[in-house]
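We name chains A, B, ... by the order of the sequence lines, and we start the count at 1 in each one. Predicted, not measured: the structure shown is a model, and the values here were computed from it.
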2 protein chains.
Amino acid sequence: MMNLDTTFAALADPTRRAILSRLALGETTVGELAAPFSISLPAISRHLRVLEHASLIVREKDGQHRRCRLDPRSLKGASEWLDFYRRFWSEAFDRRDDHLKQTEGDDHGHDVDKHDG
Amino acid sequence: MMNLDTTFAALADPTRRAILSRLALGETTVGELAAPFSISLPAISRHLRVLEHASLIVREKDGQHRRCRLDPRSLKGASEWLDFYRRFWSEAFDRRDDHLKQTEGDDHGHDVDKHDG
DNA sequence: TAGTTATTTAACTAATACGTTAAATGATGA
DNA sequence: TCATCATTTAACGTATTAGTTAAATAACTA
């Protein structure tokens, strides 16, 4: 789906992040993916559906199995969104109070969500 | 709270991302923050509670008002988590299939969630 | 064809999320 | 003190989410 709502919502679940972490090591099947978890296979299957819907993974049939692999597009999108805020924790802006005081009041009535695309 | 579940869940809502985007311009009050949105003030107040709980903002009393400002800690944490996956979309790894085939099968039984802390 | 394996769908439950309106709190100022 | 302004809390409705077990689908194997 490739929108930030869906991406961040998908990343908010620890099981799903663990699945992505496993897929970072290489593509694999649903069963293999499910093995380390204590939850049921249908639960994993739904997590995979969420991840696929969020364009975080791609699934393709391989005979009886279904292989899953990482799809970096949404991760990239999320990372880029966060990059906008990088200046707030980067060392160069540690004295950000000065910066905030400087920009404050300059630009009310701006488009508050313009980089939210 | 500073854990990834809470951080990503907080970022999954477009109103909350818009609030963060506004706060990137400088600290402000609840009312000013609420103005551009069509939803009620209590709804905004709850979004702010979620953001504060996720350590994405800090609120402090200022007389009758309550000023809100960005807290970069959780954003940094989320960004760092995503950085782990950067190689999957960076140009250097565009031919990642080769890489996956190479690592696949090397390390089954690994800790699937080890960088999730 | 029948049986087994891999995975998904269906039906359900419990918890959580996001919105509403109305009421409560708390500071300011006449 | 009384009224007002800024904000939060309470109570509620509805939608979504994450889990369960049981049944369905689909592909391989004997």
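Linking ILVMFWY side-chain heavy atoms closer than 4.5 Å, directly or via other members, places Leu11(A) and Phe84(B) in a single hydrophobic cluster.
Atom CG of Leu41(A) is separated from atom C1' of dT20(D) by 13 Å (rounded to the nearest Å). If you measure from atom CG of Leu48(A) to atom C1' of dA18(D), you get 14 Å, rounded to the nearest angstrom. Spacing between atom CZ of Arg16(B) and atom C1' of dT16(C) amounts to 12 Å, rounded to whole angstrom units. In this structure, the CD1 atom of Ile44(A) is 12 Å from the P atom of dA18(D), given to the nearest Å. Going from atom NE2 of His65(B) over to atom C1' of dT25(C) covers 16 Å, rounded to whole Å. Distance Asp13(A) CG to dA15(C) P: 17 Å, rounded to the nearest Å. Atom C1' of nucleotide dA27(D) and atom CD of Glu60(A) are separated by 16 Å, given to the nearest angstrom. We find that NZ of Lys61(B) is positioned 9 Å from C1' of dA27(C), with the value rounded to whole Å.
At a threshold of 4.0 angstrom between heavy atoms, the contacts of Arg67(B) with the nucleic acid are absent. Within 4.0 Å of Ile39(B), counting heavy atoms only, lie sugar-phosphate atoms of the nucleic acid but no base atom.
Val30(B) is listed as a side-chain neighbour of Cys68(B), based on a closest heavy-atom distance under 4.5 Å.
Relative ring orientation between Phe8(B) and Phe8(A) is described as parallel, the plane-to-plane angle staying below 30° on a 0-90° scale split at 30° and 60°.
Where Gly63(A) and Ala9(A) each meet DNA chain D at their nearest nucleotide, the meeting point lying more 5' is that of Ala9(A). Both Gln64(A) and Pro42(A) lie near DNA chain C, and the one whose nearest nucleotide falls closer to the 5' end is Gln64(A).
Separating the CZ atom in Arg17(B) from the CG atom in Leu82(A) is a distance of 10.0 Å, to the nearest 0.5 Å.
Residue Arg66(A) places no side-chain N or O under 4.0 Å from the OP1 or OP2 atom of dA6(C). A sub-4.0 Å separation between OP1 or OP2 of dG19(C) and a side-chain N or O of Arg46(B) is absent. At dG19(D), one or more side-chain N or O atoms of His47(A) fall inside 4.0 Å of OP1 or OP2 (strictly under the cut-off). One finds no side-chain N or O of Ser40(B) lying less than 4.0 angstrom from the OP1 or OP2 phosphate oxygen of dG19(C).
Heavy atoms of other residues, nucleotides or ligands lying less than 6.0 angstrom from CZ of Arg49(A) number 12 at most.
The listed nucleotides are dG19(C), dT7(C), dA6(D); the one nearest the side chain of Thr15(B) is dG19(C).
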